[in-house]
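This report refers to the structure that appears directly beneath it.
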Amino acid sequence: MIENVGGRLVLVGAPLGNVGDASARLREALTTADVIAAEDTRRLSRLARDLDIVIKARIVSYFEGNEERRTPELLEMLLAGSSVAVVTDGGMPSVSDPGYRLVRAAIDAGVPVTAAPGPSAVTTALALSGLPCDRFCFEGFLPRKPGERRARLAELVDEPRTLVFFEAPHRIAATLGALAEVFGASRDGAVCRELTKTYEEIRRAPLGDLVTWAVEGDPRGEITLVVAGAPAVVGRPSDADLLAEVAQRESAGTHRKDAIAEVAKAHNLPKRDVYNLVVASVPKR
């Protein structure tokens, strides 16, 4: 392990949108650092103006596109004795934002790592969602490709803890649709948009209703999505019983597609599971 000669890495929590959430330690970190690695240097300059502080540090860009290349450069500065502050556009570095690579490299090199804690979209959305907060897991951004996204959700369908995701506004409708398809339209969720900003909005509803809202409303801004964990399975009907319920509804005049949806909803099961069961039961010619 390389010996450190006095450098220190500081992860700085920046306001999500309301500059009034900036802490005294954030101000101190930005005004005393030798180097500031910023996700967006223009936003950092605007934050400094809003806080009425003067930044004397060397400012370098540090974002997803250059994080891998710039990390060794920042590590050299740390090993040379510089204090380096990492700040993102909002929230804590390393949480679906730049920072992890540098933290890992600093730790491996024996450089002290600390934080000036600040706001987090993850915990803020979780607290506002109205969903259980005692146990949760953060999944970041889901894959962009539909097939990969469904596969990831299939891995999470039985997760009992509350789930927190980040999502881009232009993909939120598709993501909610995939969640409703895999988790079931009746699973509760909350879309938290523009947290702490002027047009903050928290939309709480079953996933199926949130899909309709997203398609019709075309939501904009930064979005954090919170979804209830899988309910405890209590006496799941046997495959034969599920098939019998679908057949009973069909015999009463309900279209097969609707019968499958009704049975899935009644037992809090993914519609696709009941559909696959019905398809598998049909004799092949």
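Judged purely by distance below 3.5 Å, without hydrogens or angles, the side chains of Asp241 and Ser238 pair a donor atom with an acceptor atom.
Considering only heavy atoms from C-beta on, Arg101 comes within 4.5 Å of Glu68 through its side chain. The shortest side-chain heavy-atom distance between Arg249 and Glu262 falls under the 4.5 Å cut-off. Side chains of Thr123 and Cys133 form no contact here, defined as non-hydrogen atoms less than 4.5 Å apart. When side chains are defined from C-beta on, Ile223 counts as touching Val191, because their heavy atoms get closer than 4.5 Å. Residues Arg236 and His267 form no side-chain contact, since every pair of their non-hydrogen atoms from C-beta on lies 4.5 Å or further apart. Annotation: side chain of Leu74 is in contact with side chain of Val60 (closest heavy-atom distance under 4.5 Å). For the pair Ile260 and Lys271, the minimum side-chain heavy-atom distance is below 4.5 Å. Looking at Ser186 and Leu207, their side chains never come closer than 4.5 Å, going by heavy atoms from C-beta outward.
Counting all heavy atoms, side chain and backbone alike, Ser23 lies closest to Pro117 at OG-O, 4.2 Å. Scanning both residues, Ala85 and Val12, for their nearest heavy atoms gives CB-CG2, 4.0 Å. In terms of heavy-atom proximity, Ile36 sits nearest to Ala57 at CG1-CB, 3.8 Å. In terms of heavy-atom proximity, Thr254 sits nearest to Ala259 at CG2-N, 3.6 Å. The two residues Tyr199 and Glu194 have their closest heavy-atom pair at O-CB, 3.9 Å. The two residues Phe183 and Val157 make their nearest non-hydrogen contact at CE1-CA, 3.5 Å.
With hydrogens and angles ignored, the 3.5 Å screen pairs no side-chain donor or acceptor of Glu39 with any backbone N or O of Ser61. At distances below 3.5 Å, at least one donor-acceptor pair connects side-chain atoms of Arg204 with backbone N or O atoms of Leu128. In this structure, the side chain of Asp40 engages the main chain of Arg43 through a donor-acceptor pair within 3.5 Å. Using modelled atom types, one side-chain atom of Glu200 and one backbone atom of Thr196 make a donor-acceptor pair closer than 3.5 Å. No side-chain donor-acceptor contact under 3.5 Å links Asp273 to the backbone of Pro270. Between the side chain of Thr175 and the main chain of Ile172, no donor-acceptor pair closer than 3.5 Å is present.
Distance check: Asp52 CG to Arg27 CZ gives 9.0 Å after rounding to the nearest 0.5 Å. Annotation: the span from Asn18 atom CG to Thr198 atom OG1 amounts to 8.0 Å, rounded to 0.5 Å. Expressed to the nearest 0.5 Å, how far CD1 of Ile55 lies from OG1 of Thr41 amounts to 10.5 Å. Interatomic distance, Met92 CE to Leu16 CG, rounded to the nearest 0.5 Å: 11.5 Å. Rounded to the nearest 0.5 Å, atoms CG (Leu277) and CZ (Arg272) are 14.0 Å apart. Between atom OG of residue Ser129 and atom CG of residue Asp188 there is a gap of 10.0 Å, rounded to the nearest 0.5 Å.
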Query - Working for salt bridge (charged side-chain N to carboxylate O under 4.0 Å, His left out), residues Glu67 and Arg69 - result: CA-CA 6 Å; Glu67 183 179 9; Arg69 171 176 58 83; over 6 Å; no
Requested in this report: Give the intermediate values and the outcome of side-chain contact (heavy atoms from CB on, under 4.5 Å) for residues Arg144 and Arg149.
Outcome: CA-CA 6 Å; Arg144 298 183 181 185; Arg149 184 166 55 220; 5.6 Å; no
Requested in this report: Apply side-chain contact (heavy atoms from CB on, under 4.5 Å) to Leu210 and Arg203, showing your working.
Outcome: CA-CA 8 Å; Leu210 289 175; Arg203 180 71 59 162; 3.4 Å; yes
Report task. Give the intermediate values and the outcome of side-chain contact (heavy atoms from CB on, under 4.5 Å) for residues Leu47 and Leu30. Result -> CA-CA 10 Å; Leu47 176 62; Leu30 296 182; 4.3 Å; yes
Report task. In sequence, state the C-alpha distance, the side-chain angles, and the governing distance for Tyr275 and Val263, and then conclude on side-chain contact (heavy atoms from CB on, under 4.5 Å). Result -> CA-CA 10 Å; Tyr275 170 80; Val263 171; over 6 Å; no
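A continuous path of hydrophobic side-chain contacts links Leu176 to Val182 [ILVMFWY only; heavy atoms under 4.5 Å]. Note: the hydrophobic cluster containing Leu195 does not contain Leu225 (ILVMFWY, side chain heavy atoms under 4.5 Å, direct or indirect links). Follow the hydrophobic side-chain contacts under 4.5 Å out from Val103 and you reach Val86 in the same cluster. Following chains of ILVMFWY side-chain contacts shorter than 4.5 Å, one cannot reach Leu26 starting from Leu11, and the two form parts of different hydrophobic clusters. Leu163 and Leu131 are not part of a single hydrophobic cluster, where members link through side-chain heavy atoms under 4.5 Å apart.
Arg70 CZ: more than 12 foreign heavy atoms inside a 6.0 Å radius. Atom CD of Glu222 has 12 or fewer neighbouring heavy atoms from other residues, nucleotides or ligands inside a 6.0 Å radius. The number of heavy-atom neighbours closer than 6.0 Å to NZ of Lys197, taken from other residues, nucleotides and ligands shown, is above 12. Within 6.0 Å of atom CD in Glu73, more than 12 heavy atoms from other residues, nucleotides or ligands are found, so the atom counts as buried in its surroundings.
Under 4.0 Å is where a charged nitrogen must lie from a carboxylate oxygen, and between Asp108 and Arg104 at least one such pair does. Salt-bridge annotation for Asp218 and Arg220: present, with a side-chain N of the basic residue lying under 4.0 Å from a carboxylate O of the acidic one.
Remark: Arg150 engages no residue in a salt bridge (Lys or Arg N to Asp or Glu O under 4.0 Å) (not counting sequence neighbours). In this view, Phe166 and Phe138, Phe141 satisfy the ring-ring contact (aromatic ring centres under 6.0 Å, His included) rule, not counting sequence neighbours.
Listed by first and then second residue, the side chain to side chain donor-acceptor pair (under 3.5 Å) pairs that reach into residues 74-98 are Asp34-Ser83, sequence neighbours excluded.
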